[in-house]
Amino acid sequence: MIRRLNLKAWLLLLPALTLLVAFTHWPTLKTFWRSATWAKSDVAPSQFVGLENYELLIEDPVFWQVIQNNFWYAVGTVPTSIALAIGMALWVNGKIRHKGLLRLAYFTPTILPMITVANIWLFFYSPDIGLFDQLLRAVGIDGPNWLGDPDMALGSLMAMTIWKEAGFFMIFYLAALQTLSPELYDAAKVEGAGPWRTFWRITFPLLMPTTLFVLINALLNAFKLVDHLFILTKGGPNNASNLLLYYIYETAFSFLDSYYAATLTVVMLVALALIALAQMLFFDRKIHYR
Amino acid sequence: MLKVEGVSRIFGDKKVVDDLNFAVEDGEFVALLGPSGCGKSTSLKMIAGLEDPNTGTIELDGKDITHLGPGQRKLGMVFQSYALFPHLSVKENILFGLKARKVQKDEQQKRLTSVVDLVGLGEHLEKKPGQLSGGQCQRVALARAIVSEANLCLMDEPLSNLDAKLRNEMRTEIRALQQRLGMSVIYVTHDQVEAMSMADKIVLMNDGRIEQIGLPEDLYNRPATVFAAQFIGSPPMNIIPAGDKLLGVRPEHIRIEDGGMPGRVISCDYHGADTIVLADISSNGDTESLVKLRYPGHALFTAEQNISIHWKPEFEHQFSSSTRTSIDAQPTN
Ligand SMILES: Nc1ncnc2c1ncn2[C@@H]1O[C@H](COP(=O)(O)OP(=O)(O)O)[C@@H](O)[C@H]1O
Ligand SMILES: [Mg+2]
């Protein structure tokens with residue numbers, strides 16, 4: 001009986017498992033293997049080279065620049081978009097009319113396809129004729145070259161990401177806020193807690209599960225971002241806005257070096273796994289799950 | 001100490017609380033009693049400062065607090081759902097208000113120890129509310145309300161989430177605690193037994209208005225309106241039309257005796273200590289006129305059996321059928 005049940009369970013799992021193994025686990029293993037091999041050309045047989053590809057990586061200045069960019073990109077976008085998301089959710093959750101419309105407005109950036117979003121922002125950022133430069137000119141300021149200036153490119157990219165993610169995360173916070181009992185807030189008021197204390201002692205801790213979820217997603221997104229780069233900067237100028245996944249893409253499909261691309265991919269996989277692991281370990285203890 | 005004068009609250013175009021007037025004396029336990037939806041919680045929230053009254057004034061210890069923020073009124077409050085902070089330990093829940101009010105650390109500890117002693121939460125201080133039983137949560141909520149040492153404590157149906165046995169225990173406990181601390185309490189409930197057994201004074205509400213204010217025995221013995229007569233007591237007072245008047249008599253005051261009013265048994269409901277007998281006392285041909293009576297012990301009447309019922313005149317109440325208010329010449333005792 002149990003055996004029959006087990007068999008049935010495995011059979012039910014089979015389609016999903018097949019897909020998962022074929023398109024996730026197997027390629028991952030192959031990537032690890034590939035990162036330890038090298039071939040002179042496409043037709044030459046690949047040979048095992050151990051950690052040579054990784055030595056190459058350590059000496060690659062572009063790799064370090066990309067890692068640095070990714071780091072700043074994460075630091076610059078994740079906390080800001082989370083803070084904005086919480087702020088907007090609190091505001092929308094408050095006593096204002098047309099909640100539905102407002103929610104939709106904030107959600108729009110997320111339901112728009114990335115490529116569309118990037119194209120809209122390309123127009124915002126265009127030198128001289130772009131929206132931002134035109135607005136700045138109206139108040140007598142010569143706008144910078146948002147995407148062309150190496151000092152501005154990454155920042156411009158970050159601004160767009162924050163705009164897009166804050167609205168998305170707000171929806172999660174809004175949902176979480178609506179599960180909190182209004183009586184808790186009545187109790188806090190009667191006990192003499194002001195808005196500041198109420199937020200930090202009650203709302204924020206109770207939103208922690210949402211924050212963890214959002215944080216993981218935001219960090220992973222920061223390392224997985226690629227589509228905006230195709231439209232906006234192509235990683236330029238001079239790699240100033242290049243990020244890890246885009247660099248992997250370039251290496252594999254522009255420079256046609258699939259072995260080095262595999263090596264970079266391993267770095268990225270390890271980084272993503274570490275992020276997820278660290279967050280689980282660090283936060284699981286501190287978060288109150290109901 | 002608390003004076004509520006002419007307080008009303010309108011939601012949309014509905015007067016949810018209409019011209020509320022009552023007072024609470026020092027150390028008094030006042031029950032705000034009424035059916036669900038009659039505006040009890042709204043009234044309590046206005047006293048707490050969680051709702052703004054549309055008209056009227058609220059005075060606490062001679063000070064007008066009508067539009068003061070809830071935190072500045074220095075009241076304790078126990079909520080129906082307990083409203084404990086789920087992520088904070090029992091201790092942190094209790095100390096929340098003292099910390100918000102920046103009470104000194106050693107004073108905090110002193111008060112914590114004493115309330116924890118009072119409500120008996122000693123070994124649970126570090127637990128989260130999720131790890132406690134309903135009764136324990138209730139105690140934490142109580143502790144949080146009294147640790148502020150406010151003179152007035154508001155309670156909104158604090159026992160309605162507990163099972164019957166625990167409810168009885170907590171009822172006694174809350175009453176004892178209130179008397180020991182000499183607190184004034186406004187206790188909202190829809191349960192007349194709770195109000196009758198705990199309160200010094202009952203404010204009976206119906207549909208946003210006060211029906212009657214009085215001692216529990218006043219409400220029982222001298223109901224001012226048909227509503228009050230039927231709300232207090234179980235089963236409710238029988239109301240029998242008699243010309244332009246309504247006669248009221250409680251089931252427990254009706255006897256089955258020879259030589260009284262003839263009646264016909266419809267059904268019997270055995271309750272252990274007594275039996276509730278439903279009888280029709282209409283004379284032949286009239287529309288049905290049903291009364292309930294409480295018969296001690298196990299009554300063995302069969303349906304359609306003819307009986308004769310009787311009550312002493314002092315147990316009879318009279319109400320005007322137009323205003324539905326009492327027209328008793330003399331208070332009965
Ligand atoms: N915030 C509100 N907005 C509109 N109507 C309300 C609000 N709060 C309560 N009411 C209405 O006021 C009436 C009295 O409510 P409440 O004071 O909670 O009654 P009770 O506590 O006696 O059961 C109910 O009909 C309820 O629907
Ligand atoms: Mg209520």
Side-chain angles (χ1 to χ4, degrees), chain A residues 82-83 85-86 89-90 93-99 172-216 279-290, chain B residues 41-42 44-52 68-89 92-103 127-131 137 140-150 152-158 161:
Chain A
I82 289 182
I86 294 180
L90 286 174
N93 195 43
K95 286 177 182 163
I96 49 170
R97 285 196 283 168
H98 309 305
K99 264 190 203 177
F172 293 100
Y173 280 113
L174 204 53
L177 282 177
Q178 303 203 328
T179 65
L180 301 185
S181 148
E183 275 201 345
L184 284 186
Y185 290 94
D186 282 350
K189 275 188 214 155
V190 169
E191 295 295 319
W196 187 252
R197 174 176 285 268
T198 305
F199 176 76
W200 286 111
R201 289 286 284 162
I202 296 171
T203 310
F204 190 71
L206 287 176
L207 289 176
M208 230 16 195
T210 310
T211 302
L212 174 66
F213 172 79
V214 161
L215 188 62
I216 292 180
Q279 282 176 330
M280 293 297 171
L281 290 179
F282 178 63
F283 279 105
D284 257 7
R285 295 175 201 190
K286 298 201 158 183
I287 292 180
H288 157 79
Y289 281 103
R290 267 158 301 167
Chain B
S41 294
T42 308
L44 203 68
K45 280 185 177 174
M46 289 193 284
I47 296 169
L50 297 167
E51 287 282 356
D52 221 17
L68 215 57
Q72 283 137 19
R73 299 188 179 199
K74 299 251 178 88
L75 311 156
M77 186 156 178
V78 179
F79 294 83
Q80 183 169 2
S81 65
Y82 313 138
L84 299 180
F85 306 121
H87 58 297
L88 298 181
S89 66
E92 289 300 315
N93 263 288
I94 297 174
L95 290 179
F96 185 87
L98 299 187
K99 287 189 172 168
R101 297 205 161 98
K102 310 226 157 31
V103 172
K127 289 189 186 161
K128 300 268 176 75
Q131 298 166 278
C137 286
V140 180
L142 215 54
R144 185 176 64 185
I146 59 181
V147 78
S148 63
E149 299 186 350
L152 179 62
C153 186
L154 311 177
M155 304 191 187
D156 193 350
E157 314 226 8
N161 289 334

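Just so you know, these numbers come straight off a predicted model, no measurement behind them. Naming: A, B, ... by sequence-line order, numbering from 1 per chain.
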Discussion item. Please classify the contact between B:Leu84 and chain A as side chain, backbone, both or neither, with a heavy-atom cut-off of under 4.5 Å.
Written reply: backbone
Item to complete: Select one option (side chain, backbone, both, neither) describing which atoms of B:Ser81 are under 4.5 Å from chain A's heavy atoms.
Response: both
Worksheet item: Is any residue of residues 181-188 of chain A within less than 4.5 Å of chain B by heavy atoms, and which ones?
Response: A:Glu183, A:Leu184, A:Asp186, A:Ala187, A:Ala188
Worksheet item: What part of B:Arg144 gets closer than 4.5 Å to chain A, counting heavy atoms only: side chain, backbone, both or neither?
Response: both
Worksheet item: Which bit of B:Lys45 is near chain A, if near means a heavy-atom gap under 4.5 Å: side chain, backbone, both or neither?
Response: side chain
Worksheet item: How would you list, by chain and number, every residue that makes a ring pair (Phe, Tyr, Trp, His ring centres under 6.0 Å) with B:Phe79, sequence neighbours excluded?
Response: none
Discussion item. Quick check for you: to the nearest 0.5 Å, what is the distance between A:Glu191 atom CD and B:Met77 atom CE?
Written reply: 11.0 Å
Fill in: Close contacts, residues 193-201 of chain A versus chain B, judged by heavy atoms under 4.5 Å
A:Ala193, A:Arg197, A:Arg201
Worksheet item: Among all residues two or more places apart in sequence or in another chain, which pass the side chain to side chain donor-acceptor pair (under 3.5 Å) test with B:Ser41?
Response: B:Asp156
Item to complete: Would you name the heavy atoms of B:His87 and A:Leu206 that are closest together and state the gap between them?
Response: ND1-CD2, 3.4 Å
